[in-house]
Amino acid sequence: MKEAKLKQPSAIIISCIAFCIIALFGTYWTQSTNDSIIDQQKSFLNGLSRTQASILERRLSSVFTSAQILAFEVEHRDGDNEWFDEYANNLIQSIGGIENLQLAPDGIIEKIYPLEGNESAIGLDVVSMPRLREEAMLAIKNKRLFALGPVPLVQGGVAVISRAPIFLYRGTQREIFWGLASAVIYLDNLLEATQLKQLENEGYQYSLSRKHAGTNEEIILSSSFIPLKDIQASTDLILPVGTWTLSISKTLDAQLTARSITGYVISLLVAFLLSIALYAILIQPLRLRKLVKEKTTELQQLAYQDPLTGLPNRRYLQDRLPRILYSNQKRKRISAFIYFDLDNFKRINDTIGHDVGDKVLALVADRLNKLQGRSDLVVRLGGDEFGILIGDISDQKEAEAHANNILESIRAPLKMDKKEYILSTSLGIAMIPEHGYDLVTIMQNADMALYQAKSKGKNQFSFYTEKMRISTHNLIQVEDDLSRALQENEFELYFQPQFDLKTNQVFGAEALIRWNHPEKGLIFPNDFIPLAENTGQVVALGYWVLENSIKYLAKRKQEGRPNILLHINLASKQLCDPHFVTLVQELLIRYQVPATSIAFEITETSILEDIHMARGLLQKLKDMGIGIAIDDFGTGYSSLAQLKNLPVDLLKIDRCFVTDLEKDPDDRKIVEAIIAMAHKLNIRVLAEGIETRAQWKMLAAFQCDFGQGFYVSKAVTEDEFNQGLPIVHRDDAQL
């Protein structure tokens, strides 16, 4: 009895202690469960915001980058914008997602593509408008891309606008602000590419914001009707115009309150039922760990899975590839990475619609999955780009077999909605470890191989070779050499004499540029001028020739040598330079050389690029006393009407008409007609490519005024030309 009494108080005490412990633990458990749910929700929101931010970032980056591309093109073309419509059309089709592109010289919108529906924006001063001025002036001052938005457009709708300031002659003393290039994307269309509106309908809240470039004030571009809640996740969008932020939240207040009440009630009940409470306490951590694990797995799937095709995405490849390659290296396995995209896929999106394009991508992904081996990995890299890592093969032939299977699978007709689509793909293949053992190298090499496959006609594959890298490296090296050559003055002027066919006297010369390469020796213009034109360095070369030609004439004057007329070739881009005439005047004054000592040679094709601008510039040069010559006459789209209206002193008949002058009666008729026509217009004529005495006599008989060619001399150095050797006729000579 005593024992029973002893046990009873002890049991009560133990029960009370257990009750208190369990009640306290229940309270703690309830609170920590709520915290765990909040953490899980934050993790889920974080993955959700990253996914949506990634979509927005890709879309916005391409749109913003298009403004930079457009600005660069205007700078590259020295402010000319006549090409804008065609170029903007190509740019919009290439990048996609752009509503319209704009050019605003001096900040006033002058060109918009497409124009239809946007006419009301023409003439707007986007720099002076009060709500736009501050950011615009800051961007112009800092010479960087900037973004505006949300902006209500005069033509209707709300948009996000990226603008890039344009500076002509950037980096030089003549640098001037030209205007702004803009790319516009409607805010509704931008959000439509995401799932934000759908998420809002499902009870989520969101906010897309950016910082004002000047005041750093937060600007809300778009947000849900219900403001953000405390439980939220944010992701930064790294854009060319700075960092934007996407925040997503979801209301959990009611759910958490209900869980708290329920938890406290359950804790009290469990306190009375010790065995059940103890059991619940024992299994609760296991349940929580399982729940966390499930949520973690769910978040990993969201982060690593492409939502459209269900394939692993680029991030998954970046995280998994190093481990796969390390494992293959340990087992001494050969692998291959096949990088490919669908040929002309953009045409499907543009002509049929993105919905159909998405279905096509999903079906292509399904076909690729069926080709996948146990050790292979198929990923969607973005857009219509895919990659397949073939994990274990014996040699290159096996990789080739895989490539052929892919080509055959993609080529199979695709039936959808009672329509049939024929697709093709181009593949670039990099072998591992032969062509690299890290993701960056492998992707670069496979990309070069893909480019090679496309250049050969598409619908095929190419393996990476070292020759591809060497070719790319060589091109970059030549561009660098050309830039260095300008800085280190590796160029030299050569002079080819020009002579009077009647007096047998040399009256002048044509200045020709040569490159004294420190390793390759003397390089002729045909080998570097095309590269200079493609890289935009031809203008700098042209100015070098101009200044050094005038400097040479000044040197002749100082040395007391006879006066000559020096012909200088002009590039078409120099004709488009509004400051060219001023530059010529400054050089003539600096070196004290009379304008009548020089003449500019221009090709017909360069004049026809902008006949009105060319005519005005040539007339200004003519008024200064500078001679104007049309080079290679007869090989372009010759126009007598245009020739009549141009201030031309001299026509240079192209050497192709002179070479066979003795044998070809048609060439003789053409040459004779050109000379007669020019003389009627009071224009003198010079024949290029004279190599024989017979050609000289025949041209003289046609009343041709001047000549140039190997019969007298090839292009020679300054010292050789200064010797001024007399012309010696050799009736049997032909060089």
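Everything numeric here is computed off the predicted structure, so don't read it as measured data.
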Open item on the list: Could you measure the distance from the CG atom of L70 to the CD1 atom of I166? Nearest 0.5 Å is fine.
Closed with: 6.5 Å

Task: Gap between atom CG of L450 and atom OG of S462 - 0.5 Å precision - done: 8.5 Å

Task: Side-chain (N46) to main-chain (A233) donor-acceptor, under 3.5 angstrom - done: no

TODO: Please assess K370 against D366 for the test salt bridge (charged side-chain N to carboxylate O under 4.0 Å, His left out), listing each intermediate value before the final yes or no.
DONE: CA-CA 6 Å; K370 292 178 181 177; D366 184 59; 3.5 Å; yes

Task: Full working for side chain to side chain contact (heavy atoms under 4.5 Å, CB included) between Q444 and V440 - done: CA-CA 6 Å; Q444 285 178 346; V440 173; 3.7 Å; yes

Task: L101 versus I98, closest heavy-atom pair with distance - done: CD2-CG2, 3.8 Å

Task: Any side-chain heavy-atom pair of L246 and Q52 under 4.5 Å - done: yes

TODO: Please examine the side chains of L361 and F386, heavy atoms only from C-beta on, and report whether any two atoms are closer than 4.5 Å.
DONE: yes

- [ ] Give a yes or no on whether the backbone of F84 and the side-chain of E86 come within a donor-acceptor separation of less than 3.5 Å.
- [x] no

Open item on the list: Is it the case that the side chains of E385 and Y339 hold a donor-acceptor pair, with the cut-off being a distance below 3.5 Å and no angle test?
Closed with: yes

Task: D343: partners by salt bridge (charged side-chain N to carboxylate O under 4.0 Å, His left out), with sequence neighbours left out - done: K454

Task: Pair R58, S54: side-chain N/O donor-acceptor within cut-off below 3.5 Å - done: yes

Task: Derivation of the side chain to side chain contact (heavy atoms under 4.5 Å, CB included) call for L115 and I122 - done: CA-CA 9 Å; L115 181 59; I122 295 294; 4.0 Å; yes

- [ ] Verify the distance criterion only: is there a donor paired with an acceptor across the side chains of K250 and Y206 at less than 3.5 Å?
- [x] no

- [ ] State the CG-OH distance between D447 and Y464, to the nearest 0.5 angstrom.
- [x] 12.0 Å

Task: E398 vs I390 side-chain heavy atoms within contact, under 4.5 Å - done: no

Task: Any side-chain heavy-atom pair of L371 and I406 under 4.5 Å - done: yes

Open item on the list: Nearest 0.5 angstrom please: D341 CG to S426 OG, how far?
Closed with: 6.5 Å

Open item on the list: Please find the pair of heavy atoms, one from L407 and one from T425, that lie closest to each other, and give the distance.
Closed with: CD2-O, 3.4 Å

Open item on the list: Can you give me the closest heavy-atom contact between P312 and L377, atom names plus distance?
Closed with: CG-CD1, 4.1 Å

Task: Considering all heavy atoms, the nearest I231-L45 contact - done: O-CD1, 3.6 Å

Task: Heavy-atom pair of closest approach, residues A159 and V184 - done: CB-CG1, 3.6 Å

Task: Other residues, nucleotides, ligands: >12 heavy atoms within 6.0 Å of E202 CD - done: yes

Open item on the list: Angle between ring planes, W83 versus Y87, binned at 30° and 60°: parallel, tilted or perpendicular?
Closed with: perpendicular

Task: Under 3.5 Å: donor-acceptor pair, side chain of S94, backbone of N90 - done: yes

Task: Side chains of Q102 and N100, donor plus acceptor under 3.5 Å - done: yes

Task: Contacts of Y113 that satisfy side chain to side chain donor-acceptor pair (under 3.5 Å) - sequence neighbours left out - done: N89

TODO: Quick one: pull up OG in S207 and CG in L196 and give me the separation to the nearest 0.5 Å.
DONE: 10.5 Å

- [ ] Please check if the side chain of Q198 supplies one atom and the backbone of Q195 the other of a donor-acceptor pair under 3.5 Å.
- [x] no

Open item on the list: Given 3.5 Å as the limit, does a donor-acceptor pair link the side chain of N445 with the main chain of A430, or not?
Closed with: no

TODO: For S49, check side chain to side chain donor-acceptor pair (under 3.5 Å) against everything at least two apart and list the hits.
DONE: T235

Open item on the list: Within the structure provided, determine whether I92 and P114 are in side-chain contact (heavy-atom separation under 4.5 Å).
Closed with: yes

- [ ] Please test L48 against L199 for side chain to side chain contact (heavy atoms under 4.5 Å, CB included), starting from the C-alpha separation and ending with a verdict.
- [x] CA-CA 10 Å; L48 196 60; L199 291 171; 3.8 Å; yes

Open item on the list: Is it the case that the side chain of S249 and the backbone of K229 share a donor-acceptor pair, with hydrogens and angles ignored and the cut-off at 3.5 Å?
Closed with: yes

Open item on the list: With heavy-atom distances below 4.5 Å as the criterion, would you say the side chains of N81 and K111 are in contact?
Closed with: yes

TODO: Using a 4.5 Å cut-off on heavy atoms from C-beta on, say whether the side chain of L381 contacts that of M443.
DONE: yes

Task: Mutual orientation of the aromatic rings belonging to F463 and F461 [parallel < 30°, tilted 30-60°, perpendicular > 60°] - done: perpendicular

- [ ] Return yes when atom OH of Y451 has more than 12 non-hydrogen atoms of other residues, nucleotides or ligands closer than 6.0 Å, and no otherwise.
- [x] no

Open item on the list: Using side chain to side chain contact (heavy atoms under 4.5 Å, CB included), reason through I334 and M431 one step at a time and then give a plain yes or no.
Closed with: CA-CA 8 Å; I334 298 175; M431 300 297 294; 3.9 Å; yes

- [ ] Without swapping roles, check the side chain of R380 against the backbone of G383 for a donor-acceptor pair under 3.5 Å.
- [x] yes

Open item on the list: Looking only at side-chain N and O atoms, does E99 offer a donor or acceptor that is under 3.5 Å from a partner on N189?
Closed with: yes

Open item on the list: Between E400 and Q396, do the side chains contain a donor N or O and an acceptor N or O under 3.5 Å apart?
Closed with: no

Task: Short side-chain donor-acceptor distance under 3.5 Å, D306 and T309 - done: yes

TODO: Please examine the side chains of F340 and I338, heavy atoms only from C-beta on, and report whether any two atoms are closer than 4.5 Å.
DONE: yes

Task: Shortest non-hydrogen separation from P165 to L180 and the atoms involved - done: CA-CD2, 3.7 Å

Open item on the list: Rounded at 0.5 Å granularity, tell me how far NZ in K397 sits from CD1 in I393.
Closed with: 13.0 Å

